[in-house]
Trainee: 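Questions regarding the structure given below will be posed in turn.
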Amino acid sequence: MAGSRSLAGARPLLGDSPPARSQRAASFPREAARGRRVVPSPGGRRRLMPAGAEAPSAAGRPPSAPWQPPRCSREPPPPWPAAPGEMPHSDGAPSNKKTLRTLFLPRVLPSSVISDMSPLQNKLLTYRRCNEQQKMLHQLLIDRALKVYHVSMEEKYHRDPVPPIPELPSTVRKYFLNILTNYLFMKKCVRRNPVVPIQQQWLMSMLKLVPQSLMEGKDRQLLAEKLLQEIIMDYETSMRRYMVRSVLIKPDIEGLEDEEEAPLALLPLGLDFSRPWHNTFVQAKNKILSNLHILHPTMKALLDLGYAAFSTFLIVDFSSLRLKEPVDCQSLKTDVSLSCSKAEEKILSTWYQKVISLFTQKEALNGVKLDRVDSFYNCVATLMSNQLKELLRRTVEVFVKLFDPEDRNCVPLFKMELTLDEKKMEFYPSFQDLEEGILFIVNRIGQTLQNIQTVHSCLMGGTTTLDTELPNHVVVWATSTLKKSVRDNLEGPKEYFENYVERYGWLVDGTAQAQIERFEAEEHSFDEYTAFIDEFFTHKKEILSLPQVVHFPMICLNCEDLKQGLASNANTFAERLMDRIVASHREENKK
């Protein structure tokens, strides 16, 4: 092959003899065909020159020197000249690869040697030289980067310290001090300005939002007044803070760091004025319209009837119970039963008749589909049941609140007596009877309005009744509260009764009888009998001097029967001793 022959002929290139070189010069038909000619070089060597080029003279040639391989040194080469018409790079290297290869060739091999090489050898040498020069360029860039880094680090560590902030002149400091003083003075003046007081109408509106049950009691009124005073103070503080922020602008100077005003009051937590709930509200409204019918005009009319009839009405009126004379427990039970019966008749004759007449009108079922009529009447029954349950619940709550331990001015006053029956002192009625009588009132209220027909049953001739039973939790709450209140209010009468038992119980429990029998069995003088008799008469006078009626918060205790019984027993024992003395004197006189 041609490439093989060229490489084989190039091996003895440096050691050829002149005849061999002359023979090889004649074997360049390819170079001659390309427009080049062979020119003899010093030392008998030939090189290729372009056609028409002048051959260098012998005088102008440098002396021939033996060829040496290129050195691979780490020292960077001198800056490279740029080709004509080409701008050099920042590091002095030309930008064209071809120019780079041409510039480096004279530095490595003489031109006579390059001309005698085949094209493949020329390419191999050029590739090797380019790789070496690229490594040298990379090392040069690394060295330059390290040098720049070391210089920047030295500048950083040897940098001069930051000079201190010069103090302000006295005139400038005095100017800022005047600003600070003026701001504080003006702020104090603005705060002292009168503030428009909060309107009384706003306070009354706030009080109306508080449930009435929280406003009743011994100290509830004082608590409400304290809360209103706090509201007034918060209002004035917010107004003064707003005036300061609106009138004055806080200067950005030193000395006012601690003059930060607290943030203004935020909106109450839990209020959301955005509209993400709107879709949910529309869906719920449509569901209510299709299932509960609560927005139907007839339902609104039914609600109005219930509010007009039951808003101020109670099954039993307990408002004047405390104003009456002490009541007997049995008579109170009778009065409550009569009141419940009358209230039930009144409700059936007024409110219930109006409800029935409302649903007998043609407009009552407007807009209700035939397949939804049963659902509509179920909604009516539920609404009526809730209205009646609320009436019963309010009546029970009013009765239970009469026994509030914190306010005993409204508790009912019951009659009780201390009696002496068959040598036994006791209460009448007993504590258990009184407690059962009070609980009976709650049960009697709960039994009212239990047989009212639904509207649908009344119109269609059915027998279905409304569910008006008191909720179980209401009954449990009322029962436990009343029991505790009754026990607390009976502590006073119980202690008073125990005082009677402690002082005069011996007159009825057999102790006095045993003492008299033992006294009579013994021998005693007339004076001893007289002293013993005087003791019984003294107890009789003391018992009769005790009060006939004793008042407690819930009990009016009548002690007349017990007093008369105890005094009678004491008098009986005294007369028995007197009869014993008379009998003894008669026996002595007979002797």
Trainee: Is a side-chain donor or acceptor of Gln513 paired with a backbone partner of Asp509 at a separation under 3.5 angstrom?
Mentor: no
Trainee: Taking only Lys NZ, Arg NE, NH1 and NH2, and the carboxylate oxygens of Asp or Glu, determine whether Arg393 and Glu390 approach each other closer than 4.0 Å.
Mentor: yes
Trainee: Answer yes or no: is there a donor N or O on one side and an acceptor on the other, between the side chain of Ser568 and the main chain of Gln564, under 3.5 Å?
Mentor: no
Trainee: Could you please spell out the steps behind the side-chain hydrogen bond (donor to acceptor under 3.5 Å, both in side chains) verdict for Glu575 and Asn571?
Mentor: CA-CA 6 Å; Glu575 289 179 354; Asn571 187 63; 2.9 Å; yes
Trainee: Would you mind reporting whether Leu302 and Met384 have side-chain heavy atoms less than 4.5 Å apart?
Mentor: yes
Trainee: Looking at Met186, I'd like to know if its CE atom is crowded, meaning that more than 12 non-hydrogen atoms belonging to other residues, nucleotides or ligands lie closer than 6.0 Å.
Mentor: no
Trainee: Strictly distance-based, threshold 3.5 Å: is any side-chain N or O of Thr395 a donor or acceptor partner for the main-chain N or O of Ile315?
Mentor: yes
Trainee: Can Arg518 and Glu522 be counted as an ion pair, charged N to O under 4.0 angstrom?
Mentor: no
Trainee: Quick check for you: to the nearest 0.5 Å, what is the distance between His551 atom NE2 and Cys556 atom SG?
Mentor: 4.5 Å
Trainee: What verdict does the side-chain hydrogen bond (donor to acceptor under 3.5 Å, both in side chains) test give for Ser319 and Asp317, after you've listed the backbone C-alpha separation in whole Å, the side-chain angles of each residue and the deciding distance to 0.1 Å?
Mentor: CA-CA 6 Å; Ser319 59; Asp317 185 12; 2.8 Å; yes
Trainee: I'd like to know if the side chain of Ser339 reaches the main chain of Asp335, judged simply by a donor and an acceptor atom lying under 3.5 Å from each other, with no hydrogens or angles considered.
Mentor: yes
Trainee: Look at the rings of Tyr235 and Trp202 and say which category their plane angle falls in: under 30° parallel, 30 to 60° tilted, over 60° perpendicular.
Mentor: perpendicular
Trainee: Look at the side chain of Tyr352 and the backbone N and O of Gln453, then say whether any donor-acceptor pair between them is shorter than 3.5 Å.
Mentor: yes
Trainee: Stepwise, does the side-chain contact (heavy atoms from CB on, under 4.5 Å) test hold for Gln229 with Lys226?
Mentor: CA-CA 5 Å; Gln229 290 297 327; Lys226 290 181 180 179; 5.6 Å; no
Trainee: With rounding to the nearest 0.5 Å, note down the distance linking NZ in Lys484 to CG in Asn489.
Mentor: 10.0 Å
Trainee: Quick one: pull up CG in Leu413 and CE in Met554 and give me the separation to the nearest 0.5 Å.
Mentor: 9.0 Å
Trainee: For Thr280, does its backbone N or O pair with a side-chain atom of Gln283 as donor and acceptor, under 3.5 Å?
Mentor: no
Trainee: Would you indicate whether Gln201, at its atom CD, is surrounded by more than 12 heavy atoms from other residues, nucleotides or ligands within a distance under 6.0 Å?
Mentor: no
Trainee: Verify the neighbour count for atom CG of Asn386: are there more than 12 heavy atoms of other residues, nucleotides or ligands below 6.0 Å?
Mentor: yes
Trainee: Around atom CD of Glu469, are there more than 12 heavy atoms of other residues, nucleotides or ligands at under 6.0 Å?
Mentor: no
Trainee: If you count heavy atoms of other groups shown closer than 6.0 angstrom to OH of Tyr307, is the number above 12?
Mentor: no
Trainee: Taking all atoms of both residues into account, what is the closest heavy-atom pair of Ile438 and Phe399, and its distance?
Mentor: O-CE2, 3.8 Å
Trainee: Hey, what's the ring geometry for Phe552 with Tyr496, parallel, tilted or perpendicular (30° and 60° as the breaks)?
Mentor: perpendicular
Trainee: Say whether Asp433 and Ser430, considering side chains only, have a donor N or O and an acceptor N or O under 3.5 Å apart.
Mentor: yes
Trainee: Got a sec: does the CZ of Phe431 have more than 12 other heavy atoms crowding it under 6.0 Å?
Mentor: yes
Trainee: Between Asp527 and Ser525, does any side-chain donor sit less than 3.5 Å from a side-chain acceptor?
Mentor: no
Trainee: Atom CD1 in Ile347, atom CZ in Phe313: separation rounded to 0.5 Å?
Mentor: 5.0 Å
Trainee: Is there a side-chain contact (heavy atoms from CB on, under 4.5 Å) between Leu203 and Ile198 once you walk through the steps?
Mentor: CA-CA 8 Å; Leu203 299 177; Ile198 189 172; 4.0 Å; yes
Trainee: Please report the closest heavy-atom contact between Leu459 and Ile356, naming both atoms and the distance.
Mentor: CD2-CG2, 4.3 Å
Trainee: Mark yes or no for whether Thr454, through its side chain, and Leu466, through its backbone, hold a donor-acceptor pair below 3.5 Å.
Mentor: no
Trainee: What is the minimum heavy-atom distance between Val508 and Asn569, and which atoms define it?
Mentor: CG1-ND2, 3.0 Å
Trainee: Answer whether the closest heavy-atom distance between the side chains of Asp488 and Phe403 falls below 4.5 Å.
Mentor: no
Trainee: Taking the side chain as C-beta and beyond, is there a heavy-atom pair between Val486 and Leu490 under 4.5 Å?
Mentor: yes
Trainee: For Lys346, does its backbone N or O pair with a side-chain atom of Ser349 as donor and acceptor, under 3.5 Å?
Mentor: yes
Trainee: Measuring only between side-chain heavy atoms, which start at C-beta, is Gln450 closer than 4.5 Å to Thr465?
Mentor: no
Trainee: Flag the pair Thr479 / Leu439 as yes when at least one side-chain heavy-atom distance between them is below 4.5 Å, and no otherwise.
Mentor: yes
Trainee: Is it true that Glu344 and Thr448 share a donor-acceptor pair across their side chains at a distance under 3.5 Å?
Mentor: no
Trainee: Identify the two heavy atoms, one from Val244 and one from Arg191, that lie closest to each other, and give their separation to 0.1 Å.
Mentor: CG2-CG, 3.8 Å
Trainee: Before you tell me yes or no, could you show the steps for Ser545 and Lys540 under side-chain contact (heavy atoms from CB on, under 4.5 Å), namely the whole-Å CA-CA distance, both residues' side-chain angles and the distance that decides it to 0.1 Å?
Mentor: CA-CA 9 Å; Ser545 65; Lys540 177 182 177 181; over 6 Å; no
Trainee: Looking at Phe536 and Ala512, what are the two nearest heavy atoms and their distance?
Mentor: CE2-CB, 4.3 Å
Trainee: Can a donor-acceptor pair be found, under 3.5 Å and without considering hydrogens, that links the side chain of Ser238 to the backbone of Asp234?
Mentor: yes
Trainee: Where the side chain of Ser375 meets the backbone of Arg372, is there a donor-acceptor pair that is under 3.5 Å apart?
Mentor: no
Trainee: Between Leu305 and Trp351, which heavy-atom pair has the shortest distance, and what is it?
Mentor: O-CD1, 3.8 Å
Trainee: Report yes if the side chains of Val411 and Leu402 come closer than 4.5 Å at any heavy-atom pair, otherwise no.
Mentor: no
Trainee: If the plane angle is over 60° it's perpendicular, under 30° parallel, otherwise tilted; pick one for Phe532 and Phe519.
Mentor: tilted
Trainee: Step through the shown structure and confirm whether more than 12 heavy atoms of other residues, nucleotides or ligands are within 6.0 Å of CE on Met243.
Mentor: yes
Trainee: So, taking the atom named NE2 in His296 and the one named CG in Asn366, what distance separates them when rounded to the nearest 0.5 Å?
Mentor: 6.0 Å
Trainee: If you define the side chain from C-beta out and look only at heavy atoms, does anything of Gln515 sit under 4.5 Å from Trp506?
Mentor: yes
Trainee: Val380 versus Met299: any side-chain heavy-atom pair under 4.5 Å?
Mentor: yes
Trainee: Determine, stepwise, if the pair Val455 / Leu358 fulfils side-chain contact (heavy atoms from CB on, under 4.5 Å).
Mentor: CA-CA 10 Å; Val455 174; Leu358 174 65; over 6 Å; no
Trainee: Once rounded to the nearest 0.5 Å, what's the spacing between atom OG1 of Thr538 and atom CD1 of Ile533?
Mentor: 11.5 Å
Trainee: Does atom NZ of Lys333 have more than 12 heavy-atom neighbours from other groups under 6.0 Å away?
Mentor: yes
Trainee: Start with the C-alpha gap between Lys389 and Asp467, add the side-chain angles, then the distance that decides, and say whether salt bridge (charged side-chain N to carboxylate O under 4.0 Å, His left out) holds.
Mentor: CA-CA 8 Å; Lys389 284 181 180 180; Asp467 178 19; 3.4 Å; yes
